[in-house]
Amino acid sequence: MSKKKGWRVAMTVMTLFNIVALVMVLSSASPDDSKKKEAGEARYESVRLPDKVSFAGEAMPLDRFYVKEALDRELLSNAYFHSQTIRYIKMAPRYFKIIEPILKEKGIPDDFKYLAVAESGLDPRAVSPARAVGFWQLLEGTGKDYGLEINSEVDERYHVEKATYVACDYLKDAYEKFGSWTLVAAAYNRGMTGVKKQMDRQEQEDYYDLLITTETARYVYRIVALKLIMENPEKYHFYISEADKYPVIPTKKVEITGSVANFADYAKEQGLSYKLFKDFNPWLRENTLTYSGKKRYWVEIPKL
């Protein structure tokens with residue numbers, strides 16, 4: 001036999017052997033093997049709604065199909081927006097530590113901390129298309145009406161503590177008007193006048209039966225969805241360890257006792273970079289500060 005014919009015979013035998021082996025493997029496989037393989041792949045499931053849900057102590061009427069479906073929509077949107085929701089969970093300890101005591105001091109239900117998440121994503125520098133800015137997304141007129149300083153050098157809407165106090169005052173005023181925390185949340189988004197106008201027009205006092213703009217119609221549901229996920233993240237398949245959450249950075253308050261010609265130089269005197277100084281004091285909008293002596297300014301200096 002020639003070498004060429006011998007090679008062909010060997011290849012034929014090897015091919016037949018591989019076919020027989022493959023048939024044996026397939027015949028011995030369990031019918032459930034394909035299902036087991038699928039089980040290891042990504043799965044997308046509907047979220048399970050709790051039997052009872054409340055916002056600020058007010059029950060959400062899940063017995064109404066349209067309420068249940070609206071909450072389901074927002075839970076799906078946030079439970080499957082993984083990167084964003086994980087970041088919220090990781091950032092929450094840093095900022096909730098600041099705003100929770102203020103909410104309690106002002107008599108505002110703790111659930112409103114999730115309104116801040118919905119408004120700004122816990123970003124003190126957030127700016128909306130309508131030019132609402134800061135942690136609580138305050139408009140310039142609202143900020144000034146409630147006593148915040150807003151000018152080219154200083155914009156206290158970016159000051160987390162001061163903006164939280166203003167948000168609380170607004171929420172309290174809205175509660176005096178509506179007597180419902182759910183409507184208060186809606187009014188924070190739409191404005192008190194806008195909500196009241198639709199209530200009068202529709203002769204309706206229940207947020208859940210109020211026909212209103214899409215953004216406001218989804219607003220309370222989004223807040224509640226964020227609350228449900230962030231209070232019990234594992235239930236929605238978010239497994240974030242305490243070590244992975246962003247730490248609370250200790251700071252000290254330092255008073256500015258005169259005009260500042262250059263905050264880059266000032267930051268160096270405090271042992272900081274200009275960037276880090278501005279990160280902790282985003283309400284200082286320029287590189288300078290004109291000091292009139294009529295108001296005291298305190299800056300946050302991180303203890304690194």
Side-chain angles (χ1 to χ4, degrees), residues 54-58 88 91-151 154-196 207 212-213 215-216 218-227 230-231 248 251 253 280-285 295 297-298 300:
S54 66
F55 171 71
E58 298 174 1
Y88 291 165
M91 292 176 66
R94 177 173 294 172
Y95 290 111
F96 284 0
K97 182 179 175 63
I98 298 172
I99 69 173
E100 284 174 344
I102 299 175
L103 293 174
K104 184 176 181 180
E105 175 190 340
K106 300 293 287 185
I108 303 299
D110 188 68
D111 281 354
F112 276 90
K113 65 190 179 188
Y114 300 108
L115 182 147
V117 181
E119 282 289 330
S120 64
L122 300 178
D123 179 4
R125 287 192 172 97
V127 180
S128 78
R131 304 301 299 172
V133 307
F135 201 79
W136 293 93
Q137 291 290 277
L138 299 169
L139 292 168
E140 181 175 345
T142 303
K144 288 181 176 179
D145 287 345
Y146 283 84
L148 293 181
E149 181 178 354
I150 302 173
N151 54 50
V154 172
D155 191 337
E156 292 179 330
R157 292 177 295 169
Y158 293 96
H159 193 297
V160 175
E161 289 185 22
K162 292 184 178 182
T164 301
Y165 275 105
V166 165
C168 287
D169 288 340
Y170 181 93
L171 294 169
K172 287 181 70 175
D173 288 346
Y175 188 75
E176 289 182 8
K177 186 177 187 68
F178 297 110
S180 160
W181 290 115
T182 304
L183 284 170
V184 167
Y188 196 91
N189 176 259
R190 182 63 177 164
M192 287 187 249
T193 301
V195 170
K196 186 63 169 64
Y207 165 81
I212 203 163
T213 60
E215 181 182 346
T216 308
R218 296 180 62 179
Y219 190 68
V220 173
Y221 294 103
R222 181 166 186 242
I223 295 170
V224 172
L226 289 167
K227 170 191 170 181
M230 295 177 73
E231 284 186 343
V248 176
T251 63
K253 292 184 183 295
F280 280 82
N281 300 279
W283 54 277
L284 292 168
R285 305 308 297 167
K295 181 177 180 178
Y297 295 100
W298 300 81
E300 297 282 349

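Here the structure is a predicted model, which means the values were calculated and not measured. Values reported hereafter were calculated over all heavy atoms of this structure, with side chains retained and with hydrogens, waters and symmetry mates removed.
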Could you state the interatomic distance from [atom1] ([X]) to [atom2] ([Y]), rounded to the nearest 0.5 Å?
X: Leu226; Y: Leu115; atom1: CG; atom2: CG; answer: 10.0 Å
X: Arg222; Y: Asn189; atom1: CZ; atom2: CG; answer: 10.5 Å
X: Tyr207; Y: Arg190; atom1: OH; atom2: CZ; answer: 12.0 Å
X: Leu103; Y: Leu171; atom1: CG; atom2: CG; answer: 8.0 Å
X: His159; Y: Tyr165; atom1: NE2; atom2: OH; answer: 11.0 Å
X: Arg285; Y: Ile150; atom1: CZ; atom2: CD1; answer: 11.0 Å

Indicate the ring-plane relationship of Trp181 and Tyr175, choosing parallel, tilted or perpendicular according to the 30° and 60° boundaries.
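Trp181 vs Tyr175 ring planes: parallel.
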Would you say that [X] contacts [Y] through its side chain, given a criterion of any heavy-atom pair below 4.5 Å between the two side chains?
X: Tyr170; Y: Leu138; answer: no
X: Asp173; Y: Met192; answer: yes
X: Tyr95; Y: Pro124; answer: yes

Quick one: which of Tyr219, Tyr114, Trp136 gives a side chain to side chain donor-acceptor pair (under 3.5 Å) with Glu119?
Tyr219
Is there a donor-acceptor contact under 3.5 Å from the side chain of Arg157 to the main chain of Gly143?
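Absent.
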Side chain to side chain contact (heavy atoms under 4.5 Å, CB included) between Phe135 and Leu122, worked out:
CA-CA 6 Å; Phe135 201 79; Leu122 300 178; 3.4 Å; yes
Do Lys172 and Glu176 pass the salt bridge (charged side-chain N to carboxylate O under 4.0 Å, His left out) test, and can you show the C-alpha distance, the side-chain angles, and the key distance before you say yes or no?
CA-CA 6 Å; Lys172 287 181 70 175; Glu176 289 182 8; over 6 Å; no
Nearest heavy atoms of [X] and [Y], plus distance in Å:
X: Ala187; Y: Val195; answer: CA-CG2, 3.6 Å
X: Phe55; Y: Ala185; answer: CE2-CB, 3.9 Å
X: Ile99; Y: Ala116; answer: CD1-CB, 4.5 Å
X: Gly147; Y: Glu156; answer: O-OE1, 4.4 Å
X: Ile223; Y: Ala118; answer: CG1-CB, 4.0 Å

Within the 3.5 Å criterion, strictly below it, is a donor on Tyr188 or Gln137 matched to an acceptor on the partner's side chain?
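Absent: no donor and acceptor within the cut-off.
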Do Tyr297 and Asn281 have side-chain N/O donor and acceptor atoms under 3.5 Å apart?
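Looking only at side-chain atoms, Asn281 and Tyr297 do not form any donor-acceptor pair under 3.5 Å.
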Tell me whether the count of non-hydrogen atoms from other residues, nucleotides or ligands lying under 6.0 Å of NZ in Lys295 goes above 12.
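Count over threshold, so yes.
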Crowded around Lys196 NZ? As in, over 12 foreign heavy atoms under 6.0 Å?
no
Thinking salt bridges, do Lys104 and Glu100 make one under a 4.0 Å N-O criterion?
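Looking at Lys104 and Glu100, the cut-off is not met.
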Is the shortest distance from a Lys or Arg side-chain nitrogen in Asp111 or Lys227 to a carboxylate oxygen in the other one below 4.0 Å?
yes
Tell me whether the guanidinium CZ or amine NZ of Lys113 lies under 6.0 angstrom from the six-membered ring centre of Phe96 and within 45° of its axis.
yes
